[in-house]
Amino acid sequence: MAKLNLEKFKENADKIVQEKSTQGLFSESPSKLIILELDLVYSNKIRVKLNNLQLESLSESIEKFKQVAPIIVRKTDTGYEILDGHARVEAIKSIGGESVLCMQINATKEEADFYPYLLNQANGLDTFEVAYYLERLQNSGYTAKKI
């Protein structure tokens with residue numbers, strides 16, 4: 001198994017983000033806002049964040065102000081795969097919510113696996129989170145060359 005170069009991956013991903021902003025990703029992939037029951041959405045196996053230390057605060061915010069930002073999903077044969085917004089879904093579940101506001105985008109399986117990294121760039125991912133994400137990509141069958 002080839003060794004992954006974490007810094008090279010970050011450099012290439014940053015270049016992509018600079019060339020094609022996140023908004024560009026969505027403008028090239030028609031999207032629509034929908035409300036889905038929580039049992040229709042499921043987690044992308046390749047997520048960026050390990051955990052959300054601020055889940056309690058996020059839950060309180062959603063309970064008080066409702067969900068402001070939609071999660072990002074793509075339709076699959078088995079439901080709607082979450083590409084961004086895992087913490088919001090967990091927060092909604094924790095307060096007894098039954099549905100979630102979503103932005104549905106058209107994305108292939110391969111594109112979907114790279115969206116979590118691109119969408120979380122603004123969150124200032126630390127090296128450990130990026131390494132964790134790369135490991136999940138590799139464990140899902142992506143080669144170092146493809147990554």
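Everything quoted here is computed from the prediction, not taken from an experiment.
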Backbone of R74 reached by a side-chain donor or acceptor of E81 within 3.5 Å |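 Between the backbone of R74 and the side chain of E81 there is no qualifying donor-acceptor contact (under 3.5 Å).
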
Within the side chain of S59, is there an N or O that forms a donor-acceptor pair under 3.5 Å with the backbone of L55?
->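 Confirmed, S59 side chain pairs with L55 backbone.
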
For G85 and I71, which heavy atoms make the closest approach, and how far apart are they?
->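 Closest pair (atom of G85, atom of I71, distance): O-CG2, 3.6 Å.
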
Out of curiosity, does I92 fall in the hydrophobic cluster containing Y42 (side-chain heavy atoms, cut-off under 4.5 Å, transitive links)?
->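 Each belongs to a different hydrophobic cluster.
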
For E111, enumerate each residue passing the side-chain contact (heavy atoms from CB on, under 4.5 Å) test, keeping only those at least two apart in sequence or located in another chain.
->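 Per chain and number, E111 pairs via side-chain contact (heavy atoms from CB on, under 4.5 Å) with A107, T108, Y115.
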
Mind checking whether I82 and V89 have side chains closer than 4.5 Å, heavy atoms only?
->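 Yes. Closest side-chain heavy atoms under 4.5 Å.
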
Which pair of heavy atoms, one from L38 and one from K93, lies closest together, and at what distance?
->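 Heavy atoms of L38 and K93 come nearest at CD1-CG, 3.7 Å.
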
Where is the tightest heavy-atom contact between R88 and A69, given as atom of each residue plus distance?
->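 Shortest heavy-atom contact: NH1-O, 3.2 Å.
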
Side-chain contact test, heavy atoms from C-beta onward, threshold under 4.5 Å: evaluate it for M103 versus K32 and give yes or no.
->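 The answer is no, as the side chains (C-beta and beyond) never meet within the 4.5 Å cut-off.
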
With a cut-off of 6.0 Å (strictly less than), are more than 12 heavy atoms of other residues, nucleotides or ligands near NZ of K64?
->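 12 or below, so no.
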
Is it true that a side-chain atom of Q104 and a backbone atom of N106 form a donor plus acceptor pair closer than 3.5 Å?
->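 Not at all, since once roles are kept as given, no pair shorter than 3.5 Å links the two residues.
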
Measuring from C102:SG to Q67:CD, what's the distance to the nearest 0.5 Å?
->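 The CD atom of Q67 is 7.0 Å from SG of C102, to the nearest 0.5 Å.
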
Are any non-hydrogen side-chain atoms of I62 and I95 less than 4.5 angstrom apart?
->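 Sidechains of I95 and I62: in contact.
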
I105 reachable from L33 in the ILVMFWY side-chain graph, under 4.5 Å edges =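 Looking at the clustering, I105 is in the same group as L33.
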
